[in-house]
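Data block below; observations after.
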Amino acid sequence: MMVRTRFAPSPTGHLHVGGLRTALYAYLIAKQNGGKFLLRIEDTDQKRFVEGSIENIINSLKWAGLDVDEGVQLNADGKVIQVGDKGPYIQSQRLGIYKKYSKQLLDDGHAYHCFCTAERLEDLKNYQQANKLPTGYDKQCRSLDQGEAQNRVEAGEVHVLRLKMPIAGETTFVDLIRGEVTFKNELIDDQVIIKADGFPTYHFAVVVDDHFMEITNVIRGDEWLSSTPKHLQIYKYFNWEAPQMTHLPLLLNPDKSKLSKRQGDVAVEDYINKGYLPEAMINFVAFLGWNPGTEQEIFSLEELVKEFKMEKINKSGAVFNLEKLDWYNQQYLKNLKNEELVEVCLPWLVKAGLVTGNEDKQWLAAALELEKERVKTLAELPEALKFLFVIPEYDGQILIWKKGSVDEVKKVLPALAEFMDTISVQDWNKDKMQILVGGWTTKNEFSNGSVLWPLRVSLSGQQNSPGPFEIAEVLGKDKSIKRIKLAIGKLS
Ligand code: GLU
């Protein structure tokens, strides 16, 4: 049997990092089994629909490299399209299907009409809470005569359709992460399956769709674990085979509370805008609750496809640790080849107005090389590299090395400028300069720090920056000499 997994978000906003993890795991399971990864849009709650969120979800998945084989996609013009022969893949376009199957449940005596008003349900809940009783529907309409219920429906009375959960017994199933899970049926609500507006609830649509879309593995957040008995009951009533169920542990803030916006960004888009590399994000997200059981931490998507095992996921919640994400991003930035580095960084520099994009690529690569191990994200690059493009403003005091004096700098810098001016353009590279300036320093009996510190500050305008010869090489001879002379001016 072909393995088919799906990611089934509700279009209620941006793709959440937790959603990205669910999608990634579903993608990995499909791919490692030569199967298919589907994207279905679960928009049964029309009130919560947010314009643009389908596009946002698809674009975020695409950015992360999770290509969808079947279901909802965007065409070249950015329009939502659907690909595959088991559609539609947007639930609001499947109402006829839900109607047909809910009617079957009703006809078979597995569902019933419920006419309870919102006020009655509210009163019931208040009463249950006040008396410390379990909350839930009291099944009042379950005992209504079918014929009478039908008459009321035909007379136009507002109603919903509820599932008849067995009153006794237990529902047991195997969750790939938690193992065997058992729920008492009496504690499970008679779930609404069709709402008063004719739309299905998630609980009904998810079963019908997973069945007809031939989903073999349901992978979703922990919050749905307690709903699974309702879903399994629907499979049972239809005599359909249920898919393998997997519920992923919660994502937590570092203080172990549920991951929330209040403690940081939760939308994938925020991380895109902050300049995290998709490969780093995927690697980081893969490790939220999973690890390979070895020392290896860097995994490409292809390696994850090979190595990922759902059984190795921790049962407890996974802490969303941004420092780790930064670490991943730095690892990936460091390992980019020159051309890749230029390709991913250029848009950020262009946007910041530092370059036009027509600059020599080799020069750009050398410039980026200066800071690529010093920044955490691409968004930090323009600020970090600005000193190469704009003559830096700084206080002349910072030219003085901690073990030196103003007089010493006044002596060293002019002599150094004069000496460096004698270095030919051919020799103007970091290795050669290091040797030449090193020799000059020794000959003049200066200490290394008394030369390198003010040289570096005059080139970068910063107390912390890449090494002086690296910067000098990227700036070129003329600009470097000019900056040293400007620094001398700051001392008088
Ligand atoms: N629409 C549900 C959600 O966004 C999907 C749950 C599931 O995968 O079954 O969480």
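Position 1 is the first residue of the sequence, and the numbers go up from there. Both ligands and their constituent atoms are indexed starting at 1 by order of listing.
The protein heavy-atom contact nearest to atom 9 (O) of ligand 1 is Tyr202 OH, 2.6 Å. Scanning the protein for heavy atoms near atom 10 (O) of ligand 1, the closest one is Trp224 NE1, 3.1 Å.
The ring-ring contact (aromatic ring centres under 6.0 Å, His included) test with Phe308 is passed by exactly one of Tyr27, Phe287, Phe299, Trp290: Trp290.
Taking 4.0 Å as the cut-off between side-chain N and carboxylate O, Arg4 and Asp69 do not count as a salt-bridged pair. Note on Lys372 versus Glu369: salt bridge recorded, some NZ/NE/NH1/NH2 to OD/OE distance being below 4.0 Å. The pair Lys324-Glu297 counts as a salt bridge, with a side-chain nitrogen and a carboxylate oxygen less than 4.0 angstrom apart.
Heavy-atom contacts of Arg220 reach the following atoms of ligand 1: 7 (C), 8 (O), 9 (O) (cutoff under 4.0 Å). Of all atoms in ligand 1, numbered sequentially from 1 with element shown, those under 4.0 Å from a heavy atom of Arg6 are 7 (C), 8 (O), 9 (O). Interface of Val206 with ligand 1, defined as ligand atoms under 4.0 Å from a residue heavy atom, comprises 9 (O).
For the pair Ile194 and Phe204, the tightest heavy-atom approach, listed with the atom from each and the gap, is CD1-CD2, 4.1 Å.
Among the atoms of Ala8, some N or O lies under 3.5 angstrom from an N or O of ligand 1. For ligand 1, the polar-atom distance check finds an N/O of Glu42 within less than 3.5 Å of one of the ligand's N/O atoms.
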| ring-ring contact (aromatic ring centres under 6.0 Å, His included) between Tyr101 and Phe212, intermediate numbers included | CA-CA 11 Å; Tyr101 286 92; Phe212 287 107; 5.0 Å; yes
